[in-house]
Amino acid sequence: MTMSSATLTSRLFEPARLGALHLPNRLVMAPLTRNRASADGVPEPIMATYYAQRASAGLIIAEATTPNAVGQTYPDIPAIYRDAHVAGWRRVTGAVRAAGGTMFLQLQHGGRIGHPETTGLTPIAPSPVAFPDPIHTPGGPRPGVVPREMTIEEIRSTADDFAAAARRAIDAGFEGVEVHGGNGYLIHQFLSDTTNHRTDAYGGPVAGRIRFAVEVVEAVADAIGPERVGLRIAPGVTANAMREHDIERVYPALVEALADKGLAYLHVVFADPGQPLFHRIRGDWPAVLIANPALPWPTPMPADGGRYAGERLLAAGADLVSLGRAFLANPDLVERFRRGAPLNPVRSEYWYGGGELGYTDYPVLAGPAVRTGTSAGA
């Protein structure tokens, strides 16, 4: 396939602003769990290689990272609550910065998605509703356990842990953090009436169920500045056995509660420009909107890696487009899109855990890079 004028003029390659940051293009590497950290959550040196290879993305959002011990989801997940974690991540951000890239770090508390065999602790959640599926542990798949219902004090201390983790992320060299509010993890569990059965101020009506999400984001914004903070949401996404019955009320209310906080961005997972809720969120959100297209899952990704879907989202009002599997398999995804070059196939057997196979060994294109304009800071 040869390079076309349409390829060269794609909005994906336009520069963009994200707060004070100047991004060279509108392609975002979505956070991808890869299970390559040490058993105690310290990023391994190979992670620096992996992210630096993908530094041509306009923005990299590094993989889900736990803000405290009880929030850990699976084995070999990175963390950011000890000095050793900060030092490990500093090697990663240094390598990416040297390669010309920009990084945020995603903060994720698993809530009921955790297991004592992994953490040595009983998971905590808004309500004692067990995860119904097996959970991967160091000893293999294990049945989910009934989490302990969080006390009010634990809710507040968990928000404080998110804020402390955000400060550590800045110390580690990240430009900002993304609070993970989707995919069935703790914040999402508070939002859903299937996992939140509380009758206090953090449950019941929509205003109660969004309260924890708002308080976490506010705590993080107070800690590092709102211009360094993004929030990821996943309206209606059924990952990790999540079910929601009132997304048309919950998410507009959440957006309204955060719209005036001065945040860097809102990141919408499985965004579909054919759905009214996407347009409602876009209309109500005053800042940068990152949209992650609703690509087939877990079936193979489209041959174009989601490029067409990304173009549709930009046309529908998104500011930036995040892609996951396409960046996983194509370190030079931006260049491949620019040239109209074919993409590497994704080797899913190497997604989670292991070494360089299916991680840092994907091939890149030969030949000089194609330049299609200047960055926003030029």
Side-chain angles (χ1 to χ4, degrees), residues 30-42 44 47 63-79 106-150 154 158 180-198 212 232-245 269-270 292 294-301 324-325 328 346-355 357-359:
L32 299 162
T33 294
R34 304 304 308 274
N35 303 82
R36 258 76 170 191
S38 68
D40 57 357
V42 177
E44 298 279 16
M47 293 171 62
E63 63 206 89
T65 298
T66 185
N68 59 22
V70 73
Q72 182 178 351
T73 50
Y74 314 108
D76 305 323
I77 294 293
Q106 187 185 71
L107 303 179
Q108 172 197 272
H109 189 300
R112 70 173 183 166
I113 313 298
H115 200 280
E117 286 195 19
T118 301
T119 65
L121 301 166
T122 300
I124 59 175
S127 299
V129 180
F131 181 60
D133 301 326
I135 295 177
H136 185 66
T137 75
R142 296 288 186 268
V145 299
V146 176
R148 185 168 51 78
E149 181 170 301
M150 297 170 72
E154 286 174 324
T158 299
H180 198 342
N183 291 29
Y185 299 109
L186 181 64
I187 291 175
H188 203 181
Q189 291 161 29
F190 270 92
L191 296 176
S192 171
D193 59 353
T194 64
T195 47
N196 184 348
H197 298 168
R198 302 178 73 96
F212 180 65
R232 193 185 214 209
I233 59 173
V237 171
T238 59
N240 286 315
M242 183 54 61
R243 297 292 184 271
E244 296 178 278
H245 299 114
V269 177
F270 269 52
N292 176 252
L295 302 180
W297 176 271
T299 54
M301 70 176 182
R325 288 169 289 170
L328 182 157
V346 179
R347 290 176 279 165
S348 59
E349 66 271 27
Y350 300 118
W351 278 357
Y352 305 119
L357 290 176
Y359 190 62

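One-based numbering along the sequence shown. Basis for what follows: all heavy atoms, side chains included, without hydrogens, waters or symmetry-related copies.
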ask   = Taking only residues two or more places apart in sequence or in another chain, which ones pass side-chain contact (heavy atoms from CB on, under 4.5 Å) with Pro134?
value = Pro141
message = Side chains of Asn183 and Gln108, heavy atoms from C-beta outward: is any pair under 4.5 Å?
response = no
request  = Could you name each residue pair satisfying side-chain hydrogen bond (donor to acceptor under 3.5 Å, both in side chains) that touches residues 130-147, not counting sequence neighbours?
outcome  = Glu117-Thr137, Glu117-Arg142
query = Residues in side chain to side chain donor-acceptor pair (under 3.5 Å) with Ser192, at least two apart?
reply = Thr194
inquiry  = If you compare all heavy atoms of Asn292 against all heavy atoms of Ala30, which two are closest, and at what distance to 0.1 Å?
reply    = ND2-CB, 4.4 Å
message = Please check: side-chain N/O of Asn35 versus main-chain N/O of Asp76, any donor-acceptor pairing under 3.5 Å?
response = no
request  = Decide yes or no on side-chain contact (heavy atoms from CB on, under 4.5 Å) for Gln106 and Thr65, but give the supporting numbers first.
outcome  = CA-CA 6 Å; Gln106 187 185 71; Thr65 298; over 6 Å; no
inquiry  = On a heavy-atom basis, which atom in Gly110 and which in Thr73 lie closest, and how many Å separate them?
reply    = CA-CG2, 3.5 Å
task = State, to 0.1 Å, how close Val237 and Phe270 come at their nearest heavy-atom pair, and which atoms those are.
result = CG2-CB, 3.9 Å
task = With the side chain counted from C-beta on, respond yes when Asn68 and His109 share a heavy-atom pair under 4.5 Å apart, and no when they do not.
result = yes
Show every donor-acceptor pair shorter than 3.5 Å between a side-chain atom in residues 118-125 and any protein atom, with sequence neighbours excluded, or say none if there are none.
unit_1: Thr119; atom_1: OG1; unit_2: His115; atom_2: O; d: 3.3
unit_1: Thr119; atom_1: OG1; unit_2: Leu121; atom_2: N; d: 3.0
unit_1: Thr119; atom_1: OG1; unit_2: Leu121; atom_2: O; d: 3.1

ask   = Roughly how far apart are Trp351 CH2 and Thr33 OG1, rounded to 0.5 Å?
value = 11.5 Å
remark   = Residues passing the salt bridge (Lys or Arg N to Asp or Glu O under 4.0 Å) test with Arg34, sequence neighbours excluded, are none
ask   = With sequence neighbours left out, what residues match Arg325 under side chain to side chain donor-acceptor pair (under 3.5 Å)?
value = none
request  = Could you list the residues that satisfy side-chain contact (heavy atoms from CB on, under 4.5 Å) with Pro300, not counting sequence neighbours?
outcome  = none
query = Taking only residues two or more places apart in sequence or in another chain, which ones pass side chain to side chain donor-acceptor pair (under 3.5 Å) with Gln72?
reply = none
key: Qualifying residues under side-chain contact (heavy atoms from CB on, under 4.5 Å), relative to Pro128, sequence neighbours excluded   = Val146, Glu149
ask   = So, for Glu44 and Ala37, which heavy atoms are closest and what is the spacing to 0.1 Å?
value = CG-C, 3.9 Å
For Asn196, side-chain contact (heavy atoms from CB on, under 4.5 Å) partners two or more places apart = Pro126, Ser127, Phe190, Arg198, Arg209
query = Sub-3.5 Å donor-acceptor pair from the side chain of Glu244 to the main-chain atoms of Gly236, do we have one?
reply = yes
task = Flag the pair Arg148 and Glu154 as a salt bridge only when some basic side-chain nitrogen lies within less than 4.0 angstrom of an acidic carboxylate oxygen.
result = yes
ask   = Quick one: CG on Leu186 to CE on Met150, what's the gap to the nearest 0.5 Å?
value = 5.0 Å
Which residues share a side chain to side chain donor-acceptor pair (under 3.5 Å) with Tyr74, sequence neighbours left out = Tyr185
inquiry  = Tell me which pairs pass salt bridge (charged side-chain N to carboxylate O under 4.0 Å, His left out) where either residue lies in residues 232-241, with sequence neighbours left out.
reply    = Glu178-Arg232
request  = Report the distance from atom NE2 of His245 to atom CG of Asp193, rounding to the nearest 0.5 Å.
outcome  = 5.5 Å
query = Closest approach of Thr66 and Gly71, non-hydrogen atoms and distance?
reply = OG1-C, 3.2 Å
remark   = Looking only at heavy atoms, the pair that brings Glu63 and Leu32 closest together is CB-O, 3.1 Å
